[in-house]
Amino acid sequence: MINVQQLHKSFGSLHVLKGISTEIKKGEVVTIIGPSGSGKSTFLRCLNLLEVPTEGKIFIDNVEVTAKKANIKKMRENVGMVFQHFHLFPHKTVLQNVTYAPIKVKGISKSDAEKLGMELLTKVGLAEKANEYPSRLSGGQKQRVAIARALAMNPEVILFDEPTSALDPEMVKEVLEVMKSLANTGITMLIVTHEMGFAREAASRVLFLDEGSVVEDAPPAEFFSNPKSARAKEFLEKML
Ligand code: ADP
Ligand code: MG
C-alpha cells in the first residue's frame, strides 16, 4: 500500500528525517511512536506531501507520489488525514464539514453526500449533532467529526497525527474507541500517538522513531515486552 524509500527531509540546515525506508501493507494498523521532535509529524506529512521530501521516494498503491508529474490531488483523495487540532471548518455545520469534500472534490450530489454523511456521523455516534457548529462540540466530538470527514472520501489510508493529544482525558477514550472500530474494517491506518495502551491493543505494528530514523519496527507484543534499542527502552520507561 505504502512504500517509502530512503526518505529524507530537511528544513534549511535542520536534517529531520534521515533516510526512512519502510513498507506498509494494505489493512495494516501501524502506530508511530517516539520522543517529541523525532520527526513523527514530518514523516506523516511527507506521506501525503504536506511536506515535500528533500530526498527519497514514496509510492502509494504502486504510484510514485514523489514523482514530478504525480497527481497530488488524486493521491489526497485516497489518503485522509486527522490532525491533533481537528482543523474543522468553523463556519460549516458538522454535516457540511463531512459533505464538503465529497461534493467539491468528488462531485457527488448534495443529497447523496448528505446521506453518506449521516451514515458516517451515526458511525462515530454524532448523528444528533449534524446541524451544530463545531464551536458547540467538545474536543472528543470535534475529533470524531474530523474522523467522519476523513472517511467521507472513502480513502484507503488514513493518517492520524496525535488525534487524542489535544483532548481532555475523559474524551480520549471515545475517540480511541472509534479508531479501534475502524482498525477492524480493513482500512490502512498510520497513527502517531502517545497512547501506549492503544498501540499495544489496536496496532499490528509499531514503528519507533528517534532523531529522524526508524529505530525499531516490530509487532506491539514484541516491542513493548522486549524493546531492542536502549533508546526505545528509555522512552518506554518514561511513558509507562
Ligand atoms: P514530532 O512530531 O516527532 O514531535 P516533528 O516532525 O514535528 O516532530 O518535528 C521534527 C523536527 O523538525 C523538530 O525539530 C521541529 O522543530 C522541526 N520542524 C518541523 N516542522 C518544521 C518546519 N515547517 N520548519 C522548520 N522546522 C520544522
Ligand atoms: Mg508531532
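In the hydrophobic clustering of ILVMFWY residues, with side-chain heavy atoms under 4.5 Å counting as a link, I24 and V206 come out apart. Hydrophobic clustering of Ile, Leu, Val, Met, Phe, Trp and Tyr side chains at less than 4.5 Å, counting indirect connections, keeps V192 apart from I158. Residue V175 is grouped with residue L121 when hydrophobic side chains (ILVMFWY) are merged at heavy-atom distances under 4.5 angstrom, including chains of intermediate members. Taken together through direct or relayed side-chain contacts under 4.5 Å among Ile, Leu, Val, Met, Phe, Trp and Tyr, I108 and V98 form parts of separate hydrophobic clusters. By the rule that hydrophobic residues join a cluster once side-chain heavy atoms approach within less than 4.5 Å of another member, V82 and L159 end up as members of separate clusters.
When atom types are taken as modelled, the side chain of S21 and the backbone of Q6 share a donor-acceptor pair closer than 3.5 angstrom. Remark: side-chain polar atoms of K40 are paired, donor with acceptor, to backbone N or O of P35 under 3.5 angstrom. A donor-acceptor contact shorter than 3.5 Å is absent between the side chain of T93 and the backbone of E132. A side-chain donor-acceptor contact under 3.5 Å links N71 to the backbone of K74. Side chain of H8 to backbone of S10: no donor-acceptor contact under 3.5 angstrom is found. Checked by atom type and distance alone, the side chain of R76 pairs as donor or acceptor with a backbone atom of N48 at under 3.5 Å. Under a 3.5 Å cut-off, the side chain of Q143 and the backbone N or O of F83 do form a donor-acceptor pair.
Nearest approach of V65 to A70, heavy atoms of both residues: O-CB, 3.3 Å. Shown here for F86 and G139, the closest heavy-atom pair between the two residues is CE2-O, 3.6 Å. Residues F160 and L44 share a closest heavy-atom pair of O-CD1, 3.3 Å. Nearest heavy-atom pair, K25 versus T188, reported as atom, atom and distance to 0.1 Å: O-CG2, 3.8 Å. For G34 against F235, the heavy-atom pair with the smallest separation is C-CE1, 3.5 Å. Between N97 and P134, the shortest heavy-atom distance links the atoms ND2-CG, 3.8 Å.
Counting only heavy atoms from C-beta outward, the side chains of V4 and F43 approach each other to under 4.5 Å. Between L151 and I187 the shortest side-chain heavy-atom distance falls below 4.5 Å. Side-chain contact between T164 and E195: present, with at least one pair of heavy atoms (C-beta onward) separated by less than 4.5 Å. With a 4.5 Å cut-off on side-chain heavy atoms, L236 and F208 do not count as touching. Residues I32 and L190 have side chains in contact (heavy-atom distance under 4.5 Å, counting atoms from C-beta outward). Side-chain atoms of I147 and L182, non-hydrogen and from C-beta on, do get closer than 4.5 Å to each other. Residues M81 and R45 are in side-chain contact: their nearest non-hydrogen atoms beyond the backbone lie under 4.5 Å apart. I33 places none of its side-chain heavy atoms less than 4.5 Å from the side chain of H194.
Under 3.5 Å, the side chains of D161 and S41 contain a donor-acceptor pair of N or O atoms. In the model, E156 has a side-chain atom that pairs as donor or acceptor with a side-chain atom of N78 under 3.5 Å. The closest side-chain donor-acceptor pair between R205 and T22 falls under 3.5 angstrom. Looking at T42 and E51, their side chains never bring a donor and an acceptor atom within 3.5 Å of each other. The closest side-chain donor-acceptor pair between E64 and T66 falls under 3.5 angstrom.
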Checklist entry - How far apart are the C-alpha atoms of S38 and E211, what are their side-chain angles, what is the distance that settles it, and do they pass the side-chain contact (heavy atoms from CB on, under 4.5 Å) test? => result CA-CA 5 Å; S38 57; E211 295 182 10; over 6 Å; no
Checklist entry - So V145 and V124, side-chain contact (heavy atoms from CB on, under 4.5 Å) or not? Walk me through it. => result CA-CA 7 Å; V145 174; V124 300; 6.0 Å; no
Item to check | Test salt bridge (Lys or Arg N to Asp or Glu O under 4.0 Å) applied to E222 and K228, step by step | outcome: CA-CA 9 Å; E222 189 179 319; K228 292 195 177 53; 2.9 Å; yes
Checklist entry - Hey, mind stepping through M179 and M189 against side-chain contact (heavy atoms from CB on, under 4.5 Å) and telling me if it holds? => result CA-CA 9 Å; M179 291 170 62; M189 297 166 70; 4.2 Å; yes
Item to check | Test log, rule salt bridge (Lys or Arg N to Asp or Glu O under 4.0 Å), inputs E234 and K238 | outcome: CA-CA 7 Å; E234 193 188 331; K238 281 186 206 147; 3.7 Å; yes
Item to check | Verdict with reasoning, I58 to L7, per side-chain contact (heavy atoms from CB on, under 4.5 Å) | outcome: CA-CA 8 Å; I58 299 168; L7 174 66; 4.1 Å; yes
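A salt bridge does not link E177 to K173: none of the charged side-chain nitrogens sits closer than 4.0 Å to a carboxylate oxygen. Taking the charged nitrogens against the carboxylate oxygens, K110 and E114 do have a contact shorter than 4.0 Å, which makes a salt bridge. For R231 and E216, the salt-bridge test fails: no basic side-chain N is under 4.0 Å from an acidic carboxylate O. Looking at E77 and K106, no side-chain N of the basic residue comes within less than 4.0 Å of a carboxylate O on the acidic one, giving no salt bridge.
Taking a 6.0 Å sphere around OH of Y100, one finds it holds 12 or fewer heavy atoms contributed by other residues, nucleotides or ligands.
Judged by a 6.0 Å distance limit and a 45° cone about the ring axis, K57 is not positioned over the six-membered ring of F59. In this structure, R149 forms a cation-pi arrangement with F89, its terminal cationic atom sitting closer than 6.0 Å to the ring centre and no more than 45° off the ring axis.
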